[in-house]
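Starting off with a structure, shown below.
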Amino acid sequence: MLQEIKFNLPSASDPLQVIGRGLDLLNDPWLNKGTSFTLEERKALGLSGLLPPFEADMEEQVQRVMENYRHHIDPLDKYVFLIGLADRNVTLFYRVLMENLLEMTPIMYTPTVGYACQKFGHIYRKNRGMYLTLRHKGRIAEVLGNWPKDEVDIIVISDGSRILGLGDLGANGMGIPIGKLVLYVVGAGLHPHRTLPILLDVGTDNEELLNDPLYLGMTHRRVHGDEFYEIADEFVQAATDRWPNVLIQWEDFTNDKAFPLLNRYREDVLCFNDDIQGTGAVALSGLLAAMRIRGEHLSDQRIVFCGAGSAAVGIADMICAGIADEHSMTTQEARELVWMCDSRGLVTTRRKSGLEEHKLPYARDEKSANDLLEVVKRVRPTVLIGASGHAHTFTEDVVKTMHKHCEQPIIFALSNPTTKAECTAENAYGWTRGKAIFASGSPFSAVRFNGKVLVPGQGNNMFIFPGIGLGAVCCGARKITDEMFFTAAKTLAHMVTEEELNAGTIYPDLGKIRQISLAIAAAVCRLAWDEGLARYAEPEDIRHYVREQMYRPDYRPYIAV
Ligand code: NAD
């Protein structure tokens, strides 16, 4: 039985009824407008005399924020400054971020958020989101009951065990769910007051943190196995009981938890893992755009991976689903086009021990190979994808050997941060005489080669997950399917212009993120309605409906009650 679409949210011009008055109102970041309260509002809401007399408009407020922001040189200072703004005035925070998206996403998210996580206990100022610990076991529902909002559309939850490329940061990992939800708001217009960052603090094995007197998390070692899954199950049950339509995004869990968590809940709970599925979709999109440049099909490719973790397996799964879908192959047949290497060489069935479950589908029945060069010589790949977390694994020998057999090699060096990339853009173009189609996880500048400017693409997950989230929330999806990610990848690949393709770029301009997210969300909704996976009744015009749901950071006029 379909539900009525329930959240036609008020538009910016609808008045907001406010219960708070005076200082309470100024101290509420969700309602505060600071110097932008009008004179009538000041009179009606007990604010007269509490603010400087000038009635500023939002543009003037943005100007003041930016002047102060630019005084900070250190990215971490900029991060702390912006979080401070969010603590005072949420609307202004998002307006500033949206107007300076390309400058500020590297501050609110990777790479600066990584430093913020490392220092979390030292720079902590104010509560944000929720912490669930083993102490709460048996009463998670009661604890989630303390969250003051009855409407939550999306939760991003991490156990802090594998924060970006920084490893186990325990409760300090909270910066990641916070940052990711900021990207959902900025990139796709999820409503900030309906988002909830959660840190599942099941301990840490990070000695430095355990010995840091300012560490704010639980100071016991990580729990695993049943103890871990019992608390995870309790969280999922309590969250979906309180917010039945909530989308849960699993974030930055180590592989031993990331795959099992996804597989445990994906059929019955609206959830996904961005490190696996989002990365898969963004890489598939890059490949589809590269196919537009080369005029070929995915099924014509031989694909070698360097790395066989969450990212690599997520990408391989998505590519194989894509190939299977487009060329009426089975997934197993599609997997024949993939060779995967990990730190021990080619992943084969002949390994005597220690083949983790997530690698099994890609273990090849052929003789082993100890290094990437040997694999490249044997396989003659047309696509080389790096997700190993190890720098310089795409050596000159590897790239030149690949280029010998492939005129336009596709090379993705996805490891982050920049210092971990498998090779640089300059290397990839230089070693292939400007022929490579190159993309990376962290941004690289354009490279001039033989008079042509080559612009490397950045396979940023932000192209995908905000649109997936928006789409799922807007149609009230019952679950997130791989087809949704596949659709998102195709939608994104089609948004790359001919001009961008001519410059060798396989991703669109990130500055268009709201249009991209809208297109992806509409495509996800279409699919959900077609497949009977949506809880809400279908509107007449999906795109218009989705656009109307997107949050825009504007002040609304207030009336006192
Ligand atoms: P992970 O720890 O799950 O996997 C790493 C894999 O690399 C493991 O299989 C390991 O055995 C293998 N490996 C280690 N050293 C190797 C070597 N020298 N040669 C070959 N394989 C080696 O990590 P992950 O989550 O899969 O992330 C891997 C990298 O991908 C990280 O640097 C991460 O930042 C990056 N990443 C990029 C994107 C993106 O660009 N959108 C998204 C997600 C992850």
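Counting convention: from 1, in listed order, for ligands and their atoms alike. Quick note: numbers below take in every heavy atom, side chains included, and nothing from hydrogens, waters or symmetry partners.
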NZ/NE/NH1/NH2 to OD/OE distance under 4.0 Å, K359 and E356:
yes

The criterion is ring pair (Phe, Tyr, Trp, His ring centres under 6.0 Å); which residues satisfy it with F305, sequence neighbours excluded?
none

Under 3.5 Å, is there a donor on one side chain and an acceptor on the other for N461 and D274?
yes

Who passes ring pair (Phe, Tyr, Trp, His ring centres under 6.0 Å) against Y507, sequence neighbours left out?
F463

Can you name the residues that come within less than 4.0 Å of ligand 1, going by heavy atoms only?
R162, N255, T279, C306, G307, A308, G309, S310, A311, C341, D342, S343, A387, S388, G389, H390, T393, L414, S415, N416, G441, G459, N461

What verdict does the ring-ring contact (aromatic ring centres under 6.0 Å, His included) test give for F259 and F253, after you've listed the backbone C-alpha separation in whole Å, the side-chain angles of each residue and the deciding distance to 0.1 Å?
CA-CA 9 Å; F259 287 98; F253 287 80; over 10 Å; no

Which residues satisfy the ring pair (Phe, Tyr, Trp, His ring centres under 6.0 Å) test with H403, sequence neighbours excluded?
none

